[in-house]
Amino acid sequence: VQLQAFGGGLAQAGGSLRLSCAASGTSISSIIIMGWYRQPPGKQRELVASITSGGSTNYADSVKGRFTIFRDNAKNTVSLQMNSLKPEDTAVYYCKVDRKVAEKYPLVPYWGQGTQVTVSS
């Protein structure tokens, strides 16, 4: 499974950015969870948002109401729309998928390369 992330960059506080991640090398039906994590400078990686194959979403409290995650099963992509950005959103953002490889077997995680998001005040 390969994950290719797009988007990111520099934005001013209050602005918007969109991240997208395309998964290849596997069928969409095997990807159970798609999500975005981030790692701020000097801090641990943390969940930003995730979405299941059934469409259930989960957001970090710090981004609720500002970020929206959605997936396009036809294109095998997951995107993160980030609005009302704050300087504290500055981080390297990582795409992650959890793939089902066999029945009664734990989901296998796959990580994409990080993409930098910098929000200036």
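Nothing fancy with the numbering, it's 1 onward along the sequence. All figures in this text were calculated on a predicted structure; none of them were measured in a lab.
Remark: Phe6 CZ to Leu19 CG distance equals 11.5 Å, nearest 0.5 Å. To the nearest 0.5 Å, the span separating CG on Asp98 from CG on Leu107 amounts to 5.5 Å. With rounding to the nearest 0.5 angstrom, the CZ atom of Arg18 is 3.5 Å from the CZ atom of Phe70. Atom CD1 in Ile33 sits 9.0 Å away from atom CZ in Arg71 (nearest 0.5 Å). Atom CE of Met82 and atom OG of Ser16 lie 8.5 Å apart (nearest 0.5 Å).
Side-chain atoms of Thr77 never come within 3.5 Å of backbone atoms of Cys21 as a donor-acceptor pair (strictly under, hydrogens ignored). Between the side chain of Asn58 and the backbone N or O of Ser50 there is no donor-acceptor pair closer than 3.5 Å. Looking only at distances, no side-chain donor or acceptor of Asn76 sits under 3.5 Å from a matching main-chain atom of Asn73. At distances below 3.5 Å, at least one donor-acceptor pair connects side-chain atoms of Thr115 with backbone N or O atoms of Gly7. In this structure, Tyr93 contributes its side chain and Gln39 its backbone to no donor-acceptor pair below 3.5 Å.
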Legend entry - Verdict with supporting geometry, Arg66 and Asp89, side-chain contact (heavy atoms from CB on, under 4.5 Å): CA-CA 11 Å; Arg66 300 188 298 122; Asp89 294 319; 2.8 Å; yes
Inset, instruction - Take Glu46 and Lys43 through the test salt bridge (Lys or Arg N to Asp or Glu O under 4.0 Å) and record every step on the way to the result. - result: CA-CA 9 Å; Glu46 61 184 11; Lys43 296 184 179 180; over 6 Å; no
Inset, instruction - Decide yes or no on side-chain contact (heavy atoms from CB on, under 4.5 Å) for Gln4 and Ser20, but give the supporting numbers first. - result: CA-CA 8 Å; Gln4 182 73 46; Ser20 292; over 6 Å; no
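Between Lys64 and Asp61 a salt bridge is recorded (basic side-chain N to carboxylate O distance below 4.0 Å).
By the 4.5 Å heavy-atom criterion applied to side chains, Val78 and Cys95 are counted as neighbours.
By the 6.0 Å and 45° rule, Arg45 stacks over the aromatic ring of Tyr94.
If you look at Trp111 and Tyr37, their ring centroids are closer than 6.0 Å.
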